[in-house]
Amino acid sequence: MMKRRDFMGMVTAGGAAVASAPLSGLAASPLGRSSYHRVQKGEQALKADVIIAGGGLGGCAAALAALRNGLSVILTEETDWIGGQLTQQGVPPDEHQWIESHGATQLYRDFRSAIRNYYKQHYPLTEEARARENLNPGDGSVSRLCHEPRVALAVLNNMFAPYISSGKCALLLEHQVKKAEVQGDRVQALHAVSKRSDKATVLTAPYFVDATELGDLLPLTGTEFVTGAEAKSDTRELHASETARPDNHQAFTVCFAMDYVPGSDQVIDKPREYNFWRNFVPEMTPPWPGRLLDLTYSSPSTLKPKALAFHPEGVSYGDTLNLWNYRRIINQHNFRPGFYPGDVTIVNWPQNDYVLGNLTGGEHNFHENFERGKQLSLSLFYWLQTEVPREDGKQGWPGLRLRGDLMGTEDGLAKYPYVRESRRIKAMFRILEEHVGRENRAMVSGKSPGNVSAADFYDSVGIGYYHIDLHPSSGGDNYIDFGSLPFQIPLGALLPQRMENLLPANKNIGTTHITNGCYRLHPVEWSIGEAAGLLVAQALRQKTLPRAIREQQDKLQDFQRFVRAQGIETHWPSS
C-alpha cells in the first residue's frame, strides 16, 4: 500500500510561511491521488490536469494561466523560491522600451504593477517617489523596474495564494524531477524527489510542462533536443558558427547583492580561488582586452576595449557607466531619509560571467561549475573590497557588504545561477535569425535594414522584443550583440516534433543559439509560459492534441482568439 504522508511544500514570503494543501485533503479536491501503477513502496503519488516542472517566470505564468481557466496544477521547484531569474537568480527584469504600455501580456503587466504597489503599500517612500506612476525603486539604468528579489517573490506568492488555499494548486518546493515514465510519444509520470527528505512523489497528468531553467525534462523523457551553437550550413544565419558546437553555451552568472557602509570594514575571507580569478584572462575570439577582474571589458556591439567605472556612492561619470548604478535595486533617496544607510545593487556584470564550463551534462557537472561560478563572484566581491582602483588613488572599498539576507542565502550569493542558455526542443518550427535579426531579415527580404519588420507568423501566440544579446561563451566566443526586430512567438516553436503531451515554457523552445539571445528575457519567458498554460487548457477542453490546434486552421484561429481574450497580444501595433 502506498504510504500516506502530509505534503509539506512551503512558500516563503517575507518571512511568513504558507503551507500548500496537505496530501490527506487532496482526494476531495481537483488535485488527487494517482492510481499510476508504477508507484513504489514508500512513495506518494499526486495527479492534476497539468504538471509543471520549474517555478521560474515561465513556469509561474503557465501555472497561473492554467489555474485561471479551471485546471488543477502541480508546480515543482528545486529551490525554496519561485520566480526564477527574477528572484532566486537575482536579475532585475531586462525589458524593452515599450513595456509600460504594450509588448507583454496583461498578466505580466499586472505583475509589474503589483510590485510597484507592494513598495507603495509597505515601504516608507518619499512623497515624490510614492506619487510616481512608474516607480523604479532602485532607479537602476538597466530596467524601468529595478527591485528586490524578495518583493517579486512576495507578489508571486500572493498570486498563487487563493489557488493553494482552494486546493487547485500544489507547490512542491525543494523538489527536483529525477525520473520520467514514458510510453511511446507520451509522458506518463514524473518522479519528483524532495531535497530535504530524499523521498519521491510520483506525479501524473494528461499534460506536462518543462519550465526548468536547463530543459531538464527533455533528456529524462527522451524528447529530441539540441544544445549550443548550430552550424551556418544548418541554419543559414548570418551570425551562426561555421561548425556545430553543441558544447558552446553562453556564460552563466552567479549574481549577488551588496550595499556600502562607509567607514566600516566588511572585508570577507579571501576566497580560495582568488589568486586564479585575479589573474584570469578569458581566451576569446576576438580577444578579451585583459584580465576579467578589471574595469575594462569588450564593448558588446564593437568588441573594442571599453572603460567602466565603479563608485559605491552612485557617482555619475557621464558617458562612462558606473557599475554601481547599473542594476541598483534600492536608491536610498526614494525612501524616507535615514531608512537605508545607502543604496543596494545587484552584481550581474561582465566580470562575473563564467565561461569555463556549462551547467548541462549531469548533476556533477552542474554542481562543479556552479561552485566555481560562486568562487568567481566571491573573488570579484573581494577584489572590489580590496583592490579595485579608486579615483583618489587608493584601492578597494572595505565598506562593501554582501546582502545575503536579500538573496535568501547564507553565502550572500544567489540561490541559483542566472542561466542564459538551455537545452532546446527540436520543434515543429524553428525560429531563425532571418525571422527576427534586422540585418539578416533585410538580406532575405531585399529591403534596407531600416525598412524591415520581423517575420509575420500565422500561428503567433505572443510578442516580445530584445536585441540579440549573446554573452561570451564557453566555446570562446566574445559577445555577439546586434539589432533585432519586435517579434512574435510562433506556436510551432512550442511544439516538440514528436512528443504529444510535453510542452516547453522557458528558454527551451525552438530557437537557435543565435535567436535564443532575444527570446530568453523576463517578459518573453513569461509570455511563452502563459501561452503554454493556455494551450494545455484549450487542448483539454477540445479533447485534441496541441499540434492539431496548430495544424487545423479553425482550431488555430479559435485558440488565437482565446489567448487574445486573455490579454495576450499576438501582433505588434502597426505604428
Side-chain angles (χ1 to χ4, degrees), residues 8-19 55-56 77-92 147-154 156-157 171-176 193-198 213 252-261 264-274 276-277 312 327 329-330 340-349 351-352 354 359 363-364 366-386 397-419:
M8 295 299 292
M10 306 296 290
V11 182
T12 304
V18 182
E77 166 53 43
E78 60 181 289
T79 73
D80 59 346
W81 281 11
I82 57 175
Q85 56 186 324
L86 199 56
T87 60
Q88 47 161 268
Q89 297 168 41
V91 183
H147 62 280
E148 299 159 87
R150 281 191 179 276
V151 172
L153 175 66
L156 285 170
N157 283 335
L171 279 180
L172 276 64
L173 298 179
E174 298 184 272
H175 278 68
Q176 185 174 10
V193 178
S194 167
K195 290 189 170 184
R196 289 192 177 185
S197 68
D198 204 35
E213 297 297 323
F252 69 86
T253 305
V254 181
C255 304
F256 58 91
M258 63 180 179
D259 64 3
Y260 176 59
V261 184
S264 69
D265 184 354
Q266 308 285 336
V267 177
I268 63 172
D269 293 338
K270 183 178 178 181
R272 66 175 183 271
E273 291 190 16
Y274 181 69
F276 173 84
W277 291 112
R327 296 185 186 272
I329 58 172
I330 290 294
Y340 285 101
D343 301 338
V344 183
T345 195
I346 292 282
V347 178
N348 172 22
W349 302 344
Q351 293 89 341
N352 60 332
Y354 182 87
L359 296 171
E363 285 196 41
H364 175 76
F366 175 91
H367 290 295
E368 179 180 357
N369 285 304
F370 186 14
E371 287 302 315
R372 293 212 69 195
K374 288 182 178 181
Q375 280 294 304
L376 169 56
S377 288
L378 289 172
S379 296
L380 170 58
F381 180 67
Y382 185 77
W383 179 76
L384 292 170
Q385 289 183 313
T386 61
W397 298 88
L400 292 173
R401 179 173 60 174
L402 279 174
R403 293 299 304 269
D405 54 332
L406 299 185
M407 306 299 282
T409 62
E410 292 184 6
D411 62 12
L413 306 175
K415 293 174 179 288
Y416 198 89
Y418 173 35
V419 177

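Residue indices begin at 1 and follow the sequence shown.
- Side chains of Y354 and N369 form a contact here, defined as non-hydrogen atoms less than 4.5 Å apart.
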Item to check | From CA spacing to verdict: side chain to side chain contact (heavy atoms under 4.5 Å, CB included), L400, Q266 | outcome: CA-CA 6 Å; L400 292 173; Q266 308 285 336; 6.0 Å; no
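- In this structure, CZ on F252 lies 13.0 Å from CD on E213, to the nearest 0.5 angstrom.
- Evaluation of the salt bridge (Lys or Arg N to Asp or Glu O under 4.0 Å) rule for E148 yields no partner, not counting sequence neighbours.
- With rounding to the nearest 0.5 angstrom, the CD atom of Q351 is 10.5 Å from the OG1 atom of T253.
- Every residue meeting the ring pair (Phe, Tyr, Trp, His ring centres under 6.0 Å) condition with W349, not counting sequence neighbours, appears here in chain and number order: F310.
- Within a 6.0 Å radius of CG in D198, no more than 12 heavy atoms belonging to other residues, nucleotides or ligands are found.
- Using a 4.5 Å heavy-atom threshold, the side chains of M258 and W397 count as separate.
- By the side chain to side chain contact (heavy atoms under 4.5 Å, CB included) test, D411 is found to be paired with K374, T409, L413, residues two or more places apart in sequence or in another chain being considered.
- A donor-acceptor contact shorter than 3.5 Å links the side chain of N352 to the backbone of V254.
- F381 has its side chain within reach of I268: a pair of non-hydrogen atoms, C-beta onward, lies under 4.5 Å apart.
- Here S379 pairs with nothing under the side chain to side chain donor-acceptor pair (under 3.5 Å) rule; sequence neighbours left out.
- Under the side chain to side chain contact (heavy atoms under 4.5 Å, CB included) criterion, V91 pairs with Q89, D94, C255, R327, N348, Y418, H522, not counting sequence neighbours.
- Contact annotation: the side chain of I329 approaches that of P92 to within less than 4.5 Å [non-hydrogen atoms, C-beta and beyond].
- Among residues two or more places apart in sequence or in another chain, the salt bridge (Lys or Arg N to Asp or Glu O under 4.0 Å) test is passed with K195 by E78.
- Residues passing the salt bridge (Lys or Arg N to Asp or Glu O under 4.0 Å) test with R403 are D259, D405, sequence neighbours excluded.
- Between I82 and N157, the closest side-chain pair of non-hydrogen atoms falls below 4.5 Å.
- Proximity of a side-chain donor or acceptor of K415 to a complementary backbone N or O of G408 within less than 3.5 Å is detected.
- Heavy-atom minimum distance, G412 versus L402: O-CD2, 4.2 Å.
- Among residues two or more places apart in sequence or in another chain, the side chain to side chain donor-acceptor pair (under 3.5 Å) test is passed with Y382 by none.
- With a 4.5 Å cut-off on side-chain heavy atoms, P312 and L384 do not count as touching.
- Here E363 pairs with K178 under the salt bridge (Lys or Arg N to Asp or Glu O under 4.0 Å) rule; sequence neighbours left out.
- Between S194 and H175, the closest side-chain pair of non-hydrogen atoms falls below 4.5 Å.
- Listed by chain and residue number, P271, R272, E273, W277, L378 satisfy the side chain to side chain contact (heavy atoms under 4.5 Å, CB included) test with Q375 (two or more places apart in sequence, or in another chain).
- Between T87 and A152, the shortest heavy-atom contact is CG2-CB, 3.7 Å.
- The nearest pair of heavy atoms linking S264 to V261 is OG-O, 2.7 Å.
- Residues passing the side chain to side chain contact (heavy atoms under 4.5 Å, CB included) test with T79 are E77, W81, Q88, Y416, sequence neighbours excluded.
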